[in-house]
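Single-structure report; data block below.
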Amino acid sequence: MKTELIDVSPTRKEIKIEIEPAQIRSAYDRVSQQYSKAANVPGFRPGHAPTSVVRTRYKSEIRSEVLRELIPEAINSAISEHSLNALGEPNVEVDNTAALEQLGEEPLTITVGLEVLPEVQLADYKGLEVDRRKRPISDADVDRMIDNLRESSASLQPVEDRASELGDTVTVNARGNFVEDPEEEEIKVDDVEVVLGGQGVQQEFTENLNGVRPDDSRTFQVEYPADFSSPGLAGKKVEYTTEVTSVRKTELPELDDEWVKSLGGELDSVETLKTKVREDLEARATAESDHLLREEIMKKLLDSHKFEVPESLIDHQTRHRLESVANQMMRRGIDPRNPEINWEAAQAEMKGQAEEDVRATMLLEKVAEVENIFVSPEEIEAEIDAIATASRQPKEQVRAALTKDGGERSIAQRLRNRKALDLLVENARITDAEWTESPTASTDDQTSAEPAE
């Protein structure tokens, strides 16, 4: 067998393969004999028809069987010969179809198109120069967090000496009719609590329920935006008639030692609460700083390593990103099938991000290979424990699901890449710098350096 490798691009290769006549004849004879033994040919006893007759009667079947035997074996042999990391199924074309008519009389030549993993050449990956920035924690930040805690412990008290105002909770019984579709079923809801000016409250509710008292009635229209969280109301105009049943104001607990003790734990005074809140905020700021530092290191690595990435891996990661976005939308009550969502534009935008994801993964895998980084079974077990704890599922249930989906291999890859990134951090030249707000700042522990799914 003769082969010739043609470089189409770093991720696309073609192999010209010539299968010699002797090899074809050997397979042709063997398959023909198998058919002869089993063939039922009129005029001959079963299994005793001449080979020439069997070859004529079962010409296409025998030819297909010969090709199924020869071509995959030839392709695998050629891939091994040229040490290619092939991805997916090859594209196979027979160049000399005339050779199929007279098997074994002349060579059979085929062209095989392959997508392959490119050879990643590492430039400098140690000593990357990056800045570390950490969000400063002020007394105002601590006070803000304590105010949030007080709000979560707040109680609602009836308002008796005035009308409702911003910040109050107005409880209503509401009846609504769709203005543009009067035949649609009437909306009937009771004991609806509306926080005037609250997050997510339609402005029309705040405007029309401001200044009311119990037993008051108000009629007004609400025009819902097209992306409203409830599909049944999105993009529609509804006229509501409301009856106010109560008006209540929020009363915060006093910031004193007694309230602090009610929070439980080891907190016993306002000062211990402030200390604990500051420690928590500092820990979050450190996690955020570490996350941003790792992102910056990966950005530096990616900027200095530009290479072509296999299109199939980019497409796979793009689909994974789109699925994640759709799942997030559903968790927020948004229907991803909404025709107003431009998924084509989203896919185009995510394709660039997906390409960076794949390139980052390939670079970290190369670093892990060069640095002989491995993941132990104990490390995989610890990660499964962490997944089980975070998902509140039994460990064995998590393991069973991972085993079924090949997840343990994915965990090992993710841990290996994480350890490779740890090595880059340990060997980076890090300078402490002043904090600046960034739209990408986050305490999320996920980074673009995680393996592309």
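In this text the structure is predicted, and so the values were computed from the model without any measurement.
- The 12-atom threshold is not exceeded at CG of D124, counting heavy atoms of other residues, nucleotides or ligands nearer than 6.0 Å.
- Every residue two or more places apart in sequence or in another chain that forms a ring pair (Phe, Tyr, Trp, His ring centres under 6.0 Å) with Y240 is listed here: F205.
- Of the possible polar contacts, one joining the S391 side chain to the I387 backbone as a donor-acceptor pair under 3.5 Å is found.
- Other residues, nucleotides and ligands contribute at most 12 non-hydrogen atoms within 6.0 Å of the CD atom of E185.
- Of the inter-residue distances, the one linking T245 atom OG1 with D215 atom CG reads 9.0 Å to the nearest 0.5 angstrom.
- To the nearest 0.5 angstrom, E81 atom CD is 9.0 Å from I17 atom CD1.
- One N or O on the side chain of E115 and one on the backbone of S312 form a donor-acceptor pair closer than 3.5 Å.
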Kindly list each side-chain donor-acceptor pair under 3.5 angstrom involving residues 162-169, sequence neighbours excluded, with atom names and distances?
| unit_1 | atom_1 | unit_2 | atom_2 | d |
| --- | --- | --- | --- | --- |
| R162 | NH1 | D168 | OD2 | 2.7 |
| R162 | NH2 | D168 | OD1 | 3.3 |
| R162 | NH2 | D168 | OD2 | 3.4 |
| S164 | OG | L209 | O | 2.7 |
| S164 | OG | G211 | N | 2.9 |
| S164 | OG | V212 | N | 2.9 |
| S164 | OG | V212 | O | 3.4 |
| D168 | OD2 | E165 | N | 2.9 |

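- V238 places a side-chain heavy atom less than 4.5 Å from the side chain of I187.
- Smallest separation of non-hydrogen atoms from S289 and R132: OG-CG, 3.3 Å.
- Cation-pi geometry between K236 and F178 is met: the NZ or CZ atom falls under 6.0 Å from the ring centre, inside 45° of the normal.
- With sequence neighbours excluded, the residues forming a side-chain contact (heavy atoms from CB on, under 4.5 Å) with N338 are E340, I341, listed by chain and number.
- With 3.5 Å as the limit, one finds a donor-acceptor pair spanning the side chains of T11 and E308.
- Residues passing the side-chain contact (heavy atoms from CB on, under 4.5 Å) test with K13 are L5, D7, L84, V116, sequence neighbours excluded.
- Scanning all heavy atoms of the two residues, the minimum distance from G197 to T206 falls at N-OG1, 2.9 Å.
- For D303, the CG atom is densely surrounded, since the number of other residues' heavy atoms within 6.0 Å is greater than 12.
- We find the NE2-CD distance between H291 and E296 to be 11.5 Å, quoted to the nearest 0.5 Å.
- For the atom pair CG (L114) and CZ (R12), the distance works out to 7.5 Å, reported to the nearest 0.5 Å.
- Note that CD1 of I110 and CD1 of I15 are 9.0 Å apart. Values are rounded to the nearest 0.5 Å.
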(Q) Is there a salt bridge (charged side-chain N to carboxylate O under 4.0 Å, His left out) between E65 and R68? Walk through the geometry before answering. (A) CA-CA 5 Å; E65 188 70 28; R68 276 197 296 270; 2.8 Å; yes
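- For residues 368-378, every residue pair satisfying the salt bridge (Lys or Arg N to Asp or Glu O under 4.0 Å) rule, not counting sequence neighbours, is listed here: K126-E371, K366-E369.
- A salt bridge links K419 with E379: at least one charged nitrogen is closer than 4.0 Å to a carboxylate oxygen.
- The shortest side-chain heavy-atom distance between I411 and E381 does not fall under the 4.5 Å cut-off.
- Between the CZ atom of R175 and the OG1 atom of T219 there is a distance of 12.5 Å, given to the nearest 0.5 Å.
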Q) Could you go step by step and tell me if T111 and K16 meet the side-chain hydrogen bond (donor to acceptor under 3.5 Å, both in side chains) rule? A) CA-CA 5 Å; T111 299; K16 297 285 188 181; 2.9 Å; yes
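- With a 6.0 Å radius and a threshold of 12 heavy atoms from other residues, nucleotides or ligands, Q157 has its CD atom above the threshold.
- A salt bridge is defined here as a Lys NZ or Arg NE, NH1 or NH2 lying under 4.0 Å from an Asp or Glu carboxylate O, and D422 with R418 fails to meet this definition.
- For the side chain to side chain donor-acceptor pair (under 3.5 Å) test, residues two or more places apart in sequence or in another chain that qualify with E396 are R399.
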Cut-off 3.5 Å, no hydrogens considered: what does the side-chain donor-acceptor table look like for residues 324-331, sequence neighbours left out?
| unit_1 | atom_1 | unit_2 | atom_2 | d |
| --- | --- | --- | --- | --- |
| S324 | OG | H320 | O | 3.1 |
| N327 | ND2 | E323 | O | 3.2 |

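- Each of R135, K134, R133 was compared with E288 under the salt bridge (Lys or Arg N to Asp or Glu O under 4.0 Å) criterion, and only R135 meets it.
- With sequence neighbours left out, the side chain to side chain donor-acceptor pair (under 3.5 Å) criterion links N210 to no other residue.
- Counting only distance, with no hydrogens or angles, the side chain of N427 and the backbone of L424 share no donor-acceptor pair below 3.5 Å.
- Each of R319, E356, E355, M350 was compared with I314 under the side-chain contact (heavy atoms from CB on, under 4.5 Å) criterion, and only E355 meets it.
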Q) Between D191 and N173, is a side-chain contact (heavy atoms from CB on, under 4.5 Å) present by the stated rule, with each step listed? A) CA-CA 5 Å; D191 298 324; N173 296 332; 3.8 Å; yes
Distance-only donor-acceptor pairs under 3.5 Å for side chains of residues 252-269, two or more places apart:
| unit_1 | atom_1 | unit_2 | atom_2 | d |
| --- | --- | --- | --- | --- |
| D256 | OD1 | E258 | N | 3.4 |
| D256 | OD1 | W259 | N | 2.9 |
| D257 | OD1 | V270 | N | 3.0 |
| S262 | OG | W259 | O | 2.4 |
| D268 | OD1 | T272 | OG1 | 3.4 |
| S269 | OG | T272 | N | 3.2 |
| S269 | OG | T272 | OG1 | 3.3 |

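- Surrounding NZ of K188 are at most 12 heavy atoms belonging to other residues, nucleotides or ligands under 6.0 Å away.
- Using a distance-only test at 3.5 Å, with no hydrogens or angles considered, a donor-acceptor pair links the side chain of N96 to the main chain of T109.
- Closest of all the heavy-atom pairs between V130 and A428 is CG2-CB, 4.3 Å.
- S304 contributes a side-chain N or O that, together with a main-chain N or O of K300, makes up a donor-acceptor pair within less than 3.5 Å.
- Sorted by first and then second residue, the salt bridge (Lys or Arg N to Asp or Glu O under 4.0 Å) pairs with a member in residues 239-250 read E193-R248; sequence neighbours excluded.
- Partners of S230 according to the side chain to side chain donor-acceptor pair (under 3.5 Å) rule, which considers only residues two or more places apart in sequence or in another chain, do not exist here.
- Nearest approach of P90 to V112, heavy atoms of both residues: CB-CG1, 3.6 Å.
- Between E349 and R321 there is no salt bridge, since no side-chain N of the basic residue sits under 4.0 Å from a carboxylate O of the acidic one.
- For the residue pair Q317 and A354, the shortest heavy atom distance occurs at CG-CB, 3.6 Å.
- The list of salt bridge (Lys or Arg N to Asp or Glu O under 4.0 Å) pairs with a residue in residues 142-153, not counting sequence neighbours, reads D141-R144, D147-R150.
- Counting non-hydrogen atoms of neighbouring residues, nucleotides and ligands closer than 6.0 angstrom, the CD atom of E344 reaches no more than 12 such neighbours.
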Q: Report the C-alpha separation of Q202 and E223 in whole Å, then their side-chain angles, then the decisive distance to 0.1 Å, and conclude whether the side-chain hydrogen bond (donor to acceptor under 3.5 Å, both in side chains) test is met.
A: CA-CA 9 Å; Q202 290 295 109; E223 192 164 344; over 6 Å; no
